[in-house]
Amino acid sequence: MAGKEEEETTLSFSDILGEIMSNKDYLTGAEPEGSDWDFSDWPGYDFRQFGGWVLGEKFFSIPTIDNKLLAIRIVQTDPKQFSVKTPDGGISVGFVLTPVNARGFPTILIGKDLGGGEKVIRNSRQPAGWHRIPQPLRDLAKEVGSIEKSSLTQSSETVEWSAFLKDILVAKRVFPDHYKPTDFMVRDRLELGPDEEYSEEDIRLAEMQIVEDELLTIAYADYVLA
């Protein structure tokens with residue numbers, strides 16, 4: 001009976017990312033002691049009003065022991081409209097994790113196969129070394145430790161990076177972050193003149209279209225189960 005109860009409470013990576021995307025106060029209470037920081041109202045983009053297959057976007061930064069930050073982007077997609085082919089069939093993608101401004105980090109796609117099982121895949125064309133966690137982050141992983149209480153499953157398809165990311169997100173050892181497209185990017189995407197004004201909604205629309213293009217490029221790449 002205990003085994004059945006544990007199985008029912010198991011959290012998938014998709015569960016964690018879904019909670020992060022829907023809960024603006026996910027990191028509330030994780031502020032460093034004495035910092036006077038406020039991690040509530042974690043900003044992000046909600047694209048649902050546009051009726052597309054890219055649903056939202058959020059950013060976080062990983063603090064490392066060498067006083068650096070690695071910024072990561074979470075993109076939530078509609079798995080009914082976004083899928084990628086793999087050697088064993090394919091997966092319907094619900095989330096994509098990519099670095100914002102760093103090299104050496106693999107693009108990770110999280111979705112489900114035809115049987116409903118969670119799958120984590122990576123681009124097989126990326127250098128193999130990208131799938132090993134750099135030493136400063138390995139040290140952080142040791143400090144965080146294994147999050148056994150969360151009942152996270154570590155399937156054979158889960159890459160080392162995704163296992164690490166699950167642990168630090170559950171432990172809330174990240175900083176909320178946010179990035180906006182530049183003025184040039186918005187004007188170029190929406191074909192606006194140099195003197196035309198634009199709204200926050202226009203910024204979201206431009207960002208969504210930029211993300212769509214990036215994900216379509218990713219979808220045509222070669223992927224393997226990691």
Side-chain angles (χ1 to χ4, degrees), residues 6 9-48 55-76 94-108 110 118 120 129-154 158-183 185 200 203-204 207 210-211:
E6 181 179 351
T9 59
T10 296
L11 295 174
S12 69
F13 201 0
S14 299
D15 292 332
I16 298 164
L17 295 174
E19 170 66 11
I20 288 171
M21 296 301 289
S22 64
N23 184 359
K24 66 180 183 179
D25 294 324
Y26 179 81
L27 290 177
T28 299
E31 299 87 352
E33 186 175 353
S35 66
D36 293 326
W37 294 346
D38 184 359
F39 283 179
S40 63
D41 198 19
W42 185 357
Y45 290 112
D46 187 341
F47 301 132
R48 286 177 173 82
L55 306 179
E57 182 181 42
K58 227 169 187 178
F59 303 86
F60 66 91
S61 290
I62 305 172
T64 65
I65 61 172
D66 56 355
N67 295 321
K68 295 181 179 180
L69 292 174
L70 174 62
I72 305 296
R73 177 179 67 176
I74 306 171
V75 179
Q76 185 173 11
F95 298 94
V96 181
L97 297 178
T98 63
V100 174
N101 51 14
R103 290 183 57 82
F105 179 93
T107 297
I108 297 174
I110 300 98
E118 184 173 77
V120 177
W130 285 23
H131 307 287
R132 303 292 296 175
I133 301 176
Q135 191 58 49
L137 295 179
R138 287 179 181 276
D139 294 338
L140 176 62
K142 292 178 182 178
E143 184 179 331
V144 172
S146 176
I147 313 298
E148 297 179 351
K149 292 183 180 179
S150 67
S151 300
L152 296 177
T153 56
Q154 304 295 333
T158 304
V159 295
E160 185 181 12
W161 263 109
S162 62
F164 166 70
L165 289 171
K166 282 196 293 186
D167 280 355
I168 64 168
L169 286 170
V170 171
K172 300 183 180 180
R173 292 295 301 274
V174 300
F175 293 148
D177 216 334
H178 192 61
Y179 288 82
K180 290 186 176 181
T182 64
D183 177 75
M185 293 168 69
E200 286 296 319
I203 293 174
R204 288 197 303 273
E207 178 68 6
I210 292 169
V211 172

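Numbers here are sequence positions counted from 1.
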Would you say that Ile74 contacts Met21 through its side chain, given a criterion of any heavy-atom pair below 4.5 Å between the two side chains?
yes
Could you list the donor-acceptor pairs under 3.5 angstrom formed by side chains in residues 174-182, with sequence neighbours left out?
residue : atom : partner : partner atom : Å
Asp177  : OD2  : Ser61   : OG           : 2.3
Thr182  : OG1  : Met185  : N            : 3.1

Among all residues two or more places apart in sequence or in another chain, which pass the salt bridge (Lys or Arg N to Asp or Glu O under 4.0 Å) test with Arg204?
none
Here the pair of heavy atoms bringing Ile110 nearest to Ile108 is CD1-CG2, 3.9 Å
Atom pair NZ (Lys58) and CG (Asn23), whose distance is rounded to the nearest 0.5 Å
6.5 Å
Taking everything shown except Asp36 itself, do over 12 heavy atoms lie less than 6.0 Å from its CG?
no
Please list, chain by chain and in numerical order, all residues satisfying ring-ring contact (aromatic ring centres under 6.0 Å, His included) with Phe47, sequence neighbours excluded.
Tyr45
Does a side-chain heavy-atom distance below 4.5 Å link Leu17 with Leu169?
yes
Which distance, rounded to the nearest 0.5 Å, do you find between the CZ of Phe95 and the CG of Leu55?
8.5 Å
Does the side chain of Leu165 reach to within under 4.5 Å of the side chain of Ile62, using non-hydrogen atoms?
yes
Student check: side-chain heavy atoms of Phe13 and Leu97 closer than 4.5 Å:
yes
Where is the tightest heavy-atom contact between Glu57 and Val211, given as atom of each residue plus distance?
OE2-CG2, 3.4 Å
Around atom NZ of Lys24, are there more than 12 heavy atoms of other residues, nucleotides or ligands at under 6.0 Å?
no
Say you draw a straight line from CD1 of Ile20 to CZ of Phe60; how long is it, rounded to the nearest 0.5 Å?
7.0 Å
Rounded distance (nearest 0.5 Å) linking atom CG of Asp41 with atom OG1 of Thr28
8.5 Å
From CG (Leu27) to CH2 (Trp37), nearest 0.5 Å:
12.5 Å
